[in-house]
Amino acid sequence: MTAKTPFSQGILICPTTHIDWDWVYTFDQYYASNSQATGSVSGRDTVQNIYNAAVSLFSRRIGFTFSVTEVGFLQRYARDNPAGITALAAAGDDFCLMGGGITSPDNLVCAGELFIRNYLVGRTWAKQVGLESNLYDSAWLPDDFGHDPQLPVVLNAMGLTTAGLSRVPGSPQGSPGAAPINPPGPSIASQLNANGLVFQWQAGDGSSITALFMPNTYGTVGYLDANNISSNAQTVNQFVNQYRSGWPNGLRFIPVGIDFATPSVTSKSGEALSWLNVTHGYNSSFGNSNGVKGTTGTFKTYMDAVLGSGAALPVNAPLNAQNYWTGYFASRPELKRNQYAAVRALMSAEVISALLRTSSSYATSSLDAFDSTVWNGWEVLAPSSHHDFVTGTSPDSVYEGEQLPLSRQGVSVAKAALDQGMALLAQGISAKPQSQELPVVVCNTLGFERVHGLLAELTPPPADLRFHAVKSVRTRDGLLPLQRAANGNLLFMAAPPSAGYETVYLSTLTPPGPIVMEQPSVGDTAILQNDLIRVTLSKANAWSISQFSYGVDGGSRSLFASQSVGNQLRFYKDTGNIYQFGNEPYGSTNPPSYGTFSEDTSARFVGGDARWLEQGPYRHRLQAEVTEQVSGHRFTLEYSLVVGERFLRMKLTGASPSGKSVVVAFPMVDPNGNTPANLSYGTPHYQQDVLPVPNWPGPTFVATHDYVLPCLQQGSQPVGGIYHQGIPAWTLDDDGVLLGVVLRNTPGGGRGASGSDFGWHEQEYVVAPPLSVNGTPLLGTPLKDALSVTTPLEARFISGGQGGALAETGSLGQVTATNAGTPVASEDVMIRVARVQAPGAAGGYPSCGTTSGAIPSSLVVRTEKRGSQATQLTVRFPFLAKAANAQMQAVTALEAPLAELAAVPSGTDTVTVDSPRALAALRIAWCRTQGG
């Protein structure tokens, strides 16, 4: 075996390969057969052959190293070649799994929880097959099309310490001419080149990671040249000469091997060549003379050397690189909407699982089976986190043949898991109905007590005639009316506790109020009104919102500018592609060339028929048709207003014409008519109040998650808000009008993949006035408000059985915040996720002795706080008061222990979580005894 040269100076040459889950081809084509896989001819091959080549190189024990990130392909390879996985594991530090995710995930439009689960699913499998020692705690994200400025929040919480980046505005493989235009200045790539290619990236909550920016793509030497290794060595030398500065203590990094690059090729003479030959060739031809010696190693080798060198690293806080490309924020909207829906369903199923595990008497085997179903849902969904999947940046054949079917399957599996959990919950409750009553369980799967989203909707069992006779519902607040929805479902108000449930009873008794209200015909206007807001819809304005008033301190204010309408449909001419809006710089010209993204003023939207779907004591729903006269495209708008809610729910259904983006506009203003100049919005894991510096004329959209609030000033004085589920692309135009792209069909070419989207899509979003206290508008708790809309209460009929011996009401727990012992009120603090771990998970378990029926159990709970000054969170778990041998420990978001298990005092039902950052996680372990 050839000993590796320690790396302490010079350049680290890192053999790697970038293997997309799918992109131009499907997963299976990339794995086994595709027309681009030319093998030893040009150094590009199938994934199967790439790993065969790596295994062969490792078996020769010549000092070869390999760094990869995509575990999904390793799983597939293991099916064909288990011995190959063993050989990779035996390579030890020479085989580096960077992060260990199923795929290399997008970090801007991907749902935040799925970003975490991508790594959790991949690393769990890697550990099971013996690759644990190969895992490196890093996020390798070189092909992401921009980056969440708050990404260190989640990477730090996951226990990842480093990251590898390549695509930022101005970097070579995108639009190198992209640079700030207002005010003018150097691009982010230029700034990193000048100020430090390795830096501390800091987020708004103080979280920090060490990041490497690769200045000349993530595969500077793309492919091995079997017939001219010296040309590969020359490319290394060109890199050394071009990128002399910006390196910590002179330690340089060059990645070799780009998309589907094989680490070994065969020359015409039959000689097997690898990246080691490139290193040797560079050293012999250049390194010995220029003093910059090359060493072959892994990404971990390089980052360990940097961190061990004591180099002073610059700080970027934040790194506003979210506008590399932005058109993909709105491309293929069904992929984003499906992912959001599936993630919310699986998270809800896990809360129910935890409720059952902590409070029911169900046999452990039955609960284990349910948890396996939920875990399978995450396995099905994980590939959609890929940076060419949820982004919608694949050609039609891959989108329609793999991504859309897999995306829909993810929703199906997730909702089935949620239904299974609710069925177990309903079956296990010891309900106590009175005569002529039907019991129903209502579950709040959010980890906080709701203020909004208290309307429950029950689908009666088919052909059960008893439900035709019910007129009211008995809750702890007394006898309340029912409303029958347009689809025959039953609507009623409920308020189950945080991460908990309550039992209510449908009754044949007459309620103290109307059950069904008359549904009159709709004229030229329609009004939706409750105690908090009044909304007028106008046919003359194509059923946009012609007036939206809300109450503040006994008076009334208007949400929109005078003579303006909200939820106005617009067409924008868009000459872009599935990656970029038309006004983004295209190609590699400097100065860059621009296309078109501007309002199509010739479009004429006309209101058509409208009808009331529902008018009842709880919900009013109106549906209206809108037609754009020039193109003939038709859209359906639906508005819904629920009693007690200070926002209006909206739904748009339709398709986009070719070469257009369909935009909704909201001209929100403050009471004095001032227009917003900034946005406060949710990122996948935190919030962001700083907009990117524009690199192109016209709108610059940002990738928002859950909510977006137009503000007069940075992070303050909101004028309103939008809550949404999977509609990321929002911005302010030059007039301060909030724009959101809801549909997009831009079959422009370029960027490796082109695609059209003539599909019929459904988009849901909510508009809300600002929350005001003593007349002053505040940001409030937008994440809680948004989740209350996008994660409705779950209601199921209790048909009997009582197999779980559950009480009529229960809660997993709730969290409160304190700062130096003082309670912090009205903050976005919540239990974010609860996951049951099967016995054998890392971290250990308490001893359950020989008590009959006692089973070691472990529950991982994550807490979240946004914008809070709290330093500690106190979580109350009611089940702990009765739990035997309970212990707890701090863990990462990937469930790795951060401390030893410590005993929870007997009879205690609260635990304290130190929470200096936005995300914290803890494991609760206890002895579960079936039957009590």
Side-chain angles (χ1 to χ4, degrees), residues 108-112 145-146 148-150 320 322-331 333 336-337 340 390-392 545 559-560 566-570 572 574 576 580-581 583-584 597 599 647-652 656 661-669 675-684 686-692 694 696 698-712 714-715 718-744 761 763-770 779 782-783 785-786 789-790:
L108 266 176
V109 300
C110 178
F145 316 135
D148 173 14
Q150 303 298 333
N320 277 315
Q322 64 266 54
N323 59 330
Y324 178 83
W325 293 329
T326 66
Y328 73 92
F329 296 172
S331 298
K336 298 166 179 65
R337 179 178 169 84
Y340 190 97
V390 68
T391 55
I545 305 169
L559 182 62
F560 301 130
N567 200 34
Q568 180 191 53
L569 283 176
R570 298 180 181 180
Y572 269 63
D574 190 345
Q580 298 173 274
F581 287 114
N583 60 322
E584 297 181 36
F597 185 84
E599 185 177 359
F647 40 71
L648 179 69
R649 301 166 187 252
M650 294 162 286
K651 181 187 296 184
L652 178 144
S656 175
S661 283
V662 181
V663 172
V664 289
F666 294 88
M668 302 181 196
V669 294
T675 58
N678 213 304
L679 297 176
S680 178
Y681 60 93
T683 75
Y686 200 55
Q687 75 266 351
Q688 173 75 357
D689 300 318
V690 180
L691 296 179
W696 49 79
T700 296
F701 288 87
V702 291
T704 70
H705 285 250
D706 298 303
Y707 64 90
V708 53
L709 310 178
C711 299
L712 298 186
Q714 181 179 319
V719 299
I722 296 288
Y723 312 140
H724 65 81
Q725 42 188 323
I727 311 175
W730 295 87
T731 193
L732 293 171
D733 69 8
D734 291 339
D735 298 320
V737 176
L738 182 66
L739 304 178
V741 182
V742 289
L743 301 171
R744 189 164 187 257
H761 299 290
Q763 296 280 43
E764 295 184 76
Y765 45 102
V766 170
V767 61
L779 293 177
L783 179 62
D785 291 345
V789 174
T790 60

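Note that the coordinates shown come from a computational prediction; the quantities given were computed from them, not determined experimentally.
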Heavy atoms of L108 and G146 approach each other most closely as CD1-C, 3.6 Å
Please report the C-alpha distance between N678 and D689 in whole Å, then the side-chain angles of each, then the deciding distance to 0.1 Å, and finally whether the side-chain contact (heavy atoms from CB on, under 4.5 Å) criterion is met.
CA-CA 8 Å; N678 213 304; D689 300 318; 5.5 Å; no
Tell me whether the rings of F666 and W730 are parallel (<30°), tilted (30 to 60°) or perpendicular (>60°).
tilted
Heavy-atom side-chain contact between N567 and F560 under 4.5 Å:
no
Among all residues two or more places apart in sequence or in another chain, which pass the side-chain hydrogen bond (donor to acceptor under 3.5 Å, both in side chains) test with S331?
R744
Partners of Y328 by ring pair (Phe, Tyr, Trp, His ring centres under 6.0 Å), sequence neighbours excluded?
F145
Grab the two heavy atoms, one from L559 and one from G720, that are nearest each other, plus how far apart they are.
CD1-CA, 4.2 Å
Not counting sequence neighbours, which residues clear ring pair (Phe, Tyr, Trp, His ring centres under 6.0 Å) with Y723? List them please.
F647
For I727, does its backbone N or O pair with a side-chain atom of K336 as donor and acceptor, under 3.5 Å?
no
Salt bridge (charged side-chain N to carboxylate O under 4.0 Å, His left out) against D785, all qualifying residues, sequence neighbours excluded:
R646
Start with the C-alpha distance between L569 and L652, add both sets of side-chain angles, then the distance that settles side-chain contact (heavy atoms from CB on, under 4.5 Å), and finish with yes or no.
CA-CA 10 Å; L569 283 176; L652 178 144; 3.2 Å; yes
Closest non-hydrogen atom pair, A786 against D706:
CB-O, 3.3 Å
Using the salt bridge (charged side-chain N to carboxylate O under 4.0 Å, His left out) criterion, which residues pair with R649? Sequence neighbours excluded.
E645
Between the main-chain N or O of Y765 and the side-chain N or O of K651, is there a donor-acceptor pair closer than 3.5 Å?
no
Go through the structure and list residues passing ring pair (Phe, Tyr, Trp, His ring centres under 6.0 Å) with Y681, not counting sequence neighbours.
none
So if I apply the ring pair (Phe, Tyr, Trp, His ring centres under 6.0 Å) rule between F701 and each of W696, F581, F329, which one comes out positive?
F581
Quick one: side-chain hydrogen bond (donor to acceptor under 3.5 Å, both in side chains) partners of Q150, sequence neighbours excluded?
Q688
Main-chain N/O of G715 paired to S680 side chain as donor or acceptor, under 3.5 Å
no
Looking at SG of C711 and CE of M668, how far apart are the two atoms once the value is rounded to the nearest 0.5 Å?
10.5 Å
Please report the C-alpha distance between L691 and T700 in whole Å, then the side-chain angles of each, then the deciding distance to 0.1 Å, and finally whether the side-chain contact (heavy atoms from CB on, under 4.5 Å) criterion is met.
CA-CA 9 Å; L691 296 179; T700 296; over 6 Å; no
Residue set satisfying side-chain hydrogen bond (donor to acceptor under 3.5 Å, both in side chains) with Y707, at least two apart, ordered chain then number -> none
Donor-acceptor under 3.5 Å (T704 side chain, P728 main chain):
yes
Those residues that, when tested against P684, pass side-chain contact (heavy atoms from CB on, under 4.5 Å) (two or more places apart)
D148, H705
Identify the heavy atoms of P770 and P718 that sit nearest to each other, and give their distance.
CB-O, 3.6 Å
With sequence neighbours excluded, residues passing side-chain hydrogen bond (donor to acceptor under 3.5 Å, both in side chains) with Q725:
none
Return all side-chain donor-acceptor pairs below 3.5 angstrom for residues 732-742, not counting sequence neighbours, or 'none' if the list is empty.
from : atom 1 : to   : atom 2 : distance (Å)
D733 : OD1    : D735 : N      : 2.9
D733 : OD1    : G736 : N      : 3.1
D733 : OD1    : V737 : N      : 2.8

Backbone N/O of T326 and side chain of E584: donor-acceptor pair under 3.5 Å
yes
Could you pull out the closest heavy-atom pair between S656 and L743, with the gap in Å?
CB-CB, 3.9 Å
Test side-chain contact (heavy atoms from CB on, under 4.5 Å) on E764 and R337; report intermediate values, then the result.
CA-CA 9 Å; E764 295 184 76; R337 179 178 169 84; 2.6 Å; yes
For P699 and N583, work out which heavy atoms get closest and say how close.
O-ND2, 3.1 Å
Below 4.5 Å, heavy atoms only, C-beta onward: do V719 and V669 meet side chain to side chain?
no
